[in-house]
Amino acid sequence: MNSVLNTLPSSFYQGTDVVRIARELLGKVIVTNFNGIRTSGIITETEAYAGATDKASHAHGGKRTARNEPMYAAGGIAYVYLCYGIHHLFNVVTNVTGVPHAVLVRAMHPTTGLPTMKERRGSDTLTTAGPGTLTQALGIRTDHSGTDLSSGLIRLEDHGITVTPSHVIVGPRIGIDYAGPDALLPYRFRIAPSHLL
DNA sequence: CAGCAGATTGACT
DNA sequence: GTCAATCTGCTGC
């Protein structure tokens, strides 16, 4: 395979189909570079949040607060927020200015800087199986909300990894039962466990 | 202004 | 399986 290693272009994020973008983020690489330390991993699980029409979204009904303001910006930046007062959840903002679509990154397969990630997690066993632990391993905090995803701090890259449809499991999203019918939407994508390293 | 619920995790019964 | 930890924002008095 060719050694493809490109930072994703803004056109990738600014498409109008947030569900498709969530699907295409599988296999992409998320990289952070804090204090000169690089950590990265391959994205293995995502969820789409379709803005104003999506009951599970923070921007449901056009809700707009200081916290979710980054969601209304043009695609290509990070939206990080605090959940339950403890966990930092990392989202990729998509679509154009004024349309608050975003993709939640729930899990990844660690590739670079494993010792650093274990240290940040304070655990010998590195798990990145949840959205909260993933941000902890990468060192992402709410301070990074609004950060440009082509910047030096947080970046998404295409390493030429192709995820074929047969390896993708599509299903309803997690932890949003309160959203009624919207909780059943097939907005969750993950790489089949049998296909992980 | 008090109370509660949430895109979660980890420790304990 | 149950439950506390702890911040943001909405609801209701």
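The chains referred to below are lettered A, B, ... by the order of the sequence lines, with proteins before strands, and numbering in each begins at 1. It should be emphasised that the depicted structure is a prediction, and the values quoted were computed from it without experimental measurement.
- Relative to the side chain of A:T65, the nucleotides C:dC7, C:dC10, B:dT9 differ in distance, and C:dC10 lies closest.
- Counting heavy atoms from C-beta outward, A:V19 and A:F189 have side chains that approach closer than 4.5 Å.
- Between A:L156 and A:L25, the closest side-chain pair of non-hydrogen atoms falls below 4.5 Å.
- Using a 4.0 Å heavy-atom criterion, one finds that A:I176 contacts the sugar-phosphate atoms exclusively.
- Remark: side-chain polar atoms of A:E47 are not paired, donor with acceptor, to backbone N or O of A:L104 under 3.5 angstrom.
- For A:R67 and C:dC7, the CZ to C1' distance is 9 Å, given to the nearest whole Å.
- Atoms CG (A:L89) and C1' (C:dT6) sit 14 Å apart, rounded to a whole Å.
- When side chains are defined from C-beta on, A:I169 counts as touching A:P193, because their heavy atoms get closer than 4.5 Å.
- Between the P atom of B:dA5 and the CG atom of A:D177 lies a distance of 15 Å, rounded to the nearest Å.
- Checking B:dG6, C:dC7, B:dT9 against every side-chain atom of A:Y84, the shortest atom distance belongs to B:dG6.
- Of all nucleotides present, none satisfies the Watson-Crick or G-U wobble test against C:dC13 with each distance under 3.5 Å.
- Checking C:dT6, B:dT9, C:dC10 against the side-chain heavy atoms of A:H87 singles out B:dT9 as nearest.
- Within the structure, a side-chain polar atom (N or O) of A:R106 is placed less than 4.0 Å from OP1 or OP2 of B:dT8.
- Closest approach to the A:C83 side chain among B:dT8, C:dC7, C:dT6 is made by B:dT8 (side chain taken as heavy atoms from C-beta onward).
- Side-chain contact between A:L82 and A:H88 is present, with heavy atoms from C-beta onward closer than 4.5 Å.
- Rounded to an integer number of Å, the gap from OH of A:Y81 to P of C:dC7 is 16 Å.
- Look at CD on A:E45: it is 11 Å from P on B:dT8, rounded to the nearest Å.
- Across all strands shown, C:dT6 has no partner, as no Watson-Crick or G-U wobble contact with both distances under 3.5 Å is found.
- Separating the CG atom of A:D143 from the P atom of C:dT8 is a distance of 12 Å, rounded to the nearest angstrom.
- Residue contacts for A:T133: at a heavy-atom cut-off of 4.0 Å it reaches the sugar-phosphate backbone alone, with no base atom in range.
- The CG atom of A:L134 sits 14 Å away from the C1' atom of B:dT9 (whole-angstrom rounding).
- At least one side-chain nitrogen or oxygen of A:R121 sits closer than 4.0 Å to the OP1 or OP2 atom of B:dG10.
- Distance, A:H60 NE2 to B:dA5 P: 18 Å, rounded to whole Å.
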